[in-house]
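These notes are about the structure you will find just below.
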Amino acid sequence: MQHWQNFIAGNWVDSIDVISVENPATGENFATVACASMADVEAAVTAARACVNSRELIDCKPVQRAELLYRIAAEIRAIAAEAVELAVLENGKRLTDAEDEFAEAARYFEYYAGMADKIEGVSIPLGSDYVDYTVYEPHGISVQIVPWNFPVSLCARSLAPALAAGNAVIVKSPELTPLAMTWLATACQRAGVPKGALSMLCGRGPEVGAALAAHRDIDQIVFTGSLPTGRAIMHAAAERAVPCVMELGGKSAAVVFADADIDQLMDSVNWGIFFNAGQVCSAMSRMLVERSIYDLVVERVAALAKGLAMGAGVDNSDITPVMSHKQQQQVLAKCQLAVEQGAILVTGGVAGGQSGYFVEPTVLRDIDQTMDIFQSEVFGPVLGIMPFDTEQQAWDLANATDYGLVAGIFSNDINRCMRGTRALQAGQIFVNEWYAGGIETPFGGTGLSGFGREKGQEALYSYVQTKNIAIRIGR
Ligand code: NAD
């Protein structure tokens with residue numbers, strides 16, 4: 001049985017308490033990780049504060065932070081071949097997707113390395129008696145709480161801009177998938193990250209995550225995860241008015257018009273809802289289809305789902321397991337509830353595989369606004385489809401949830417697409433390709449999907465605060 005430690009203040013640290021890590025493809029425990037104690041939380045915060053107070057990352061030439069990030073990116077690329085296997089084992093995901101995750105993590109560091117020396121303030125004219133300018137300063141200690149679905153790339157998504165801006169970071173890794181991202185700490189260590197500028201702790205959310213979020217000496221919280229946990233963290237943050245970035249869940253819709261390219265659409269469906277077994281915050285979990293092509297699209301989606309091969313991530317199977325037994329049971333219960341509420345099960349809705357936590361790719365037709373499946377996040381390979389009659393009805397239905405993470409439009413009418421980009425309420429709109437965009441494009445939600453933005457140049461400004469300096473010139 002492999003055993004892993006936490007990275008605190010430049011050291012690898014053990015703990016009396018351990019967390020077992022399971023392979024979702026087999027249900028077997030294959031590793032343990034040290035479960036951080038409250039003393040570990042204190043040690044991480046103390047080291048981070050010492051790093052901030054030393055001003056090593058704040059007062060250095062910005063290009064030195066850029067160089068550090070480039071070195072981290074190079075170390076991530078160097079360790080990826082060894083680390084991806086672990087991501088497959090603990091997460092169940094495809095080997096190729098794990099490789100992509102590490103490549104993406106490296107890209108985040110390269111991207112924000114390129115911005116580290118361009119965090120420029122402005123000069124504000126106040127007349128000849130004054131000089132006024134702004135500077136951007138890091139928050140100080142950034143606590144970053146990471147979920148289990150893409151732990152490596154989501155960790156890098158926040159860690160890279162935070163370090164680029166000169167913050168010290170404490171990462172709380174998810175208890176279900178803490179191992180592969182440990183390699184990011186190794187990469188940072190090898191690249192020479194200053195002591196205390198990064199600590200990475202695995203621990204149980206309601207204990208270690210909550211203790212970090214409520215700690216008196218932190219300056220920012222970046223949370224990616226579920227709405228209920230986000231709410232608890234926002235309550236904690238409110239006590240001390242700590243700024244937050246909240247990247248929460250979604251119930252995102254693709255709106256498909258009769259003039260859409262259906263082959264292109266099927267490619268998007270495959271990625272949109274079946275990639276990573278549908279465990280993606282921005283998954284295409286609803287599809288609204290113009291009535292004249294509704295039956296055809298349902299048929300094509302059903303054929304696609306039935307043709308997917310279920311199996312282990314190590315074999316690069318189309319459909320990999322969901323994260324855990326609990327996750328599997330929740331997904332199946334939501335499918336059953338949908339049927340009880342009147343949706344028609346076209347395919348799937350049952351567990352699959354010989355062992356492990358598989359869910360067959362599932363298609364439900366004739367969902368409607370009153371059903372739970374329309375409103376609540378499933379986080380599994382489950383697509384709900386319903387017809388619409390008019391363009392306005394399509395936009396209204398797409399917007400008729402409390403979430404607003406992403407939305408998609410499939411049509412060859414550019415005017416209609418442009419109307420849709422204005423009408424749809426979401427942080428990202430995809431036109432004719434689900435997941436179009438990349439690390440360069442700002443990402444984040446409206447409504448219950450959260451606030452603040454990650455990715456792109458804009459995200460860097462989540463990790464700094466503006467200071468205005470007004471100088472009266474003597475006569
Ligand atoms: P989760 O909320 O259960 O856990 C996320 C993290 O929070 C974990 O590290 C967990 O240990 C920690 N945590 C749990 N309770 C806590 C508490 N009381 N205080 C502090 N920390 C606590 O979420 P999950 O199940 O790991 O992830 C799935 C959810 O994440 C889905 O809702 C998904 O949509 C969302 N998600 C959003 C994005 C995005 O960018 N918007 C990306 C990925 C996942």
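Just so you know, ligand 1 is whichever comes first in the structure, and atom 1 is the first atom listed for that ligand. Please read these numbers as outputs of a predicted model, since none were measured by experiment.
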Nearest protein heavy atom with distance in Å, relative to atom 9 (O) of ligand 1: Val146 O, 2.7 Å
With sequence neighbours left out, what residues match Phe7 under ring-ring contact (aromatic ring centres under 6.0 Å, His included)? Trp12
Rounded to the nearest 0.5 Å, how far does OH of Tyr463 lie from CG of Asn167? 9.0 Å
Would you call Arg49 and Asp219 a salt bridge, taking side-chain N to carboxylate O under 4.0 Å as the test? yes
Ignoring hydrogens and geometry, is there a side-chain-to-backbone donor-acceptor pair from Glu90 to Leu179 under 3.5 Å? yes
Ligand 1 atoms nearer than 4.0 angstrom to some heavy atom of Thr224 are 5 (C), 37 (C), 38 (C), 39 (C), 40 (O), 42 (C), 43 (C)
Report, in ascending order of atom number, the atoms of ligand 1 lying under 4.0 Å from any heavy atom of Asn149. 43 (C), 44 (C)
Using 30° and 60° as the class limits, which term best fits the ring planes of Phe430 and Trp434: parallel, tilted or perpendicular? perpendicular
What atoms of ligand 1 come closer than 4.0 angstrom to any heavy atom of Ala210? 19 (N), 20 (C)
Looking only at protein heavy atoms, which one is nearest to atom 10 (C) of ligand 1, and what is the separation? Glu175 OE1, 3.6 Å
What I want to find out is whether Lys93 reaches Glu101 closely enough, with some N-O distance under 4.0 Å, to be called a salt bridge. yes
With sequence neighbours left out, what residues match Arg204 under salt bridge (charged side-chain N to carboxylate O under 4.0 Å, His left out)? Asp17
Heavy-atom contacts with Phe379 under 4.0 Å: which atoms of ligand 1 show up? List them by number with element. 28 (C), 31 (C), 33 (C), 34 (O)
Measure the distances from the heavy atoms of Phe150 to every atom of ligand 1 and state whether one is below 4.0 angstrom. no
For atom 39 (C) of ligand 1, the protein heavy atom that lies nearest, with its residue and separation: Cys281 SG, 3.2 Å
Looking only at protein heavy atoms, which one is nearest to atom 18 (N) of ligand 1, and what is the separation? Pro206 CA, 3.8 Å
Identify the closest protein heavy atom to atom 4 (O) of ligand 1: which residue and atom is it, and at what distance? Thr229 OG1, 4.5 Å
Polar contact flag, side-chain donor to acceptor under 3.5 angstrom, Gln428-Ser282: no
The closest protein heavy-atom partner of atom 17 (C) of ligand 1 is Gly205 O, 3.4 Å
Using a strict 4.0 Å cut-off to heavy atoms of Leu154, name the atoms of ligand 1 that fall inside it. 42 (C), 43 (C)
Under 3.5 Å, N or O to N or O, is Trp148 touching ligand 1 that way? yes
Gap separating the CZ atom of Phe30 from the CD atom of Glu22, nearest 0.5 angstrom: 9.5 Å
Using a 4.0 Å cutoff against the non-hydrogen atoms of Leu248, which atoms of ligand 1 qualify? 34 (O), 37 (C), 38 (C), 39 (C), 41 (N)
When you measure from atom 32 (O) of ligand 1 to every protein heavy atom, which one gives the shortest distance, and what is it? Glu377 OE1, 2.7 Å
Just jot down the ligand 1 atoms closer than 4.0 angstrom to any heavy atom of Gly209, in number order. 19 (N), 20 (C), 21 (N)
Does the pair Glu440/Arg107 count as a salt bridge with the N-to-O cut at 4.0 Å? yes
of all protein heavy atoms, closest to atom 40 (O) of ligand 1 is Arg157 NH2, 2.9 Å
Would you give the length of the straight line joining atom CE of Met200 to atom CG of Leu198, rounded to the nearest 0.5 angstrom? 5.5 Å
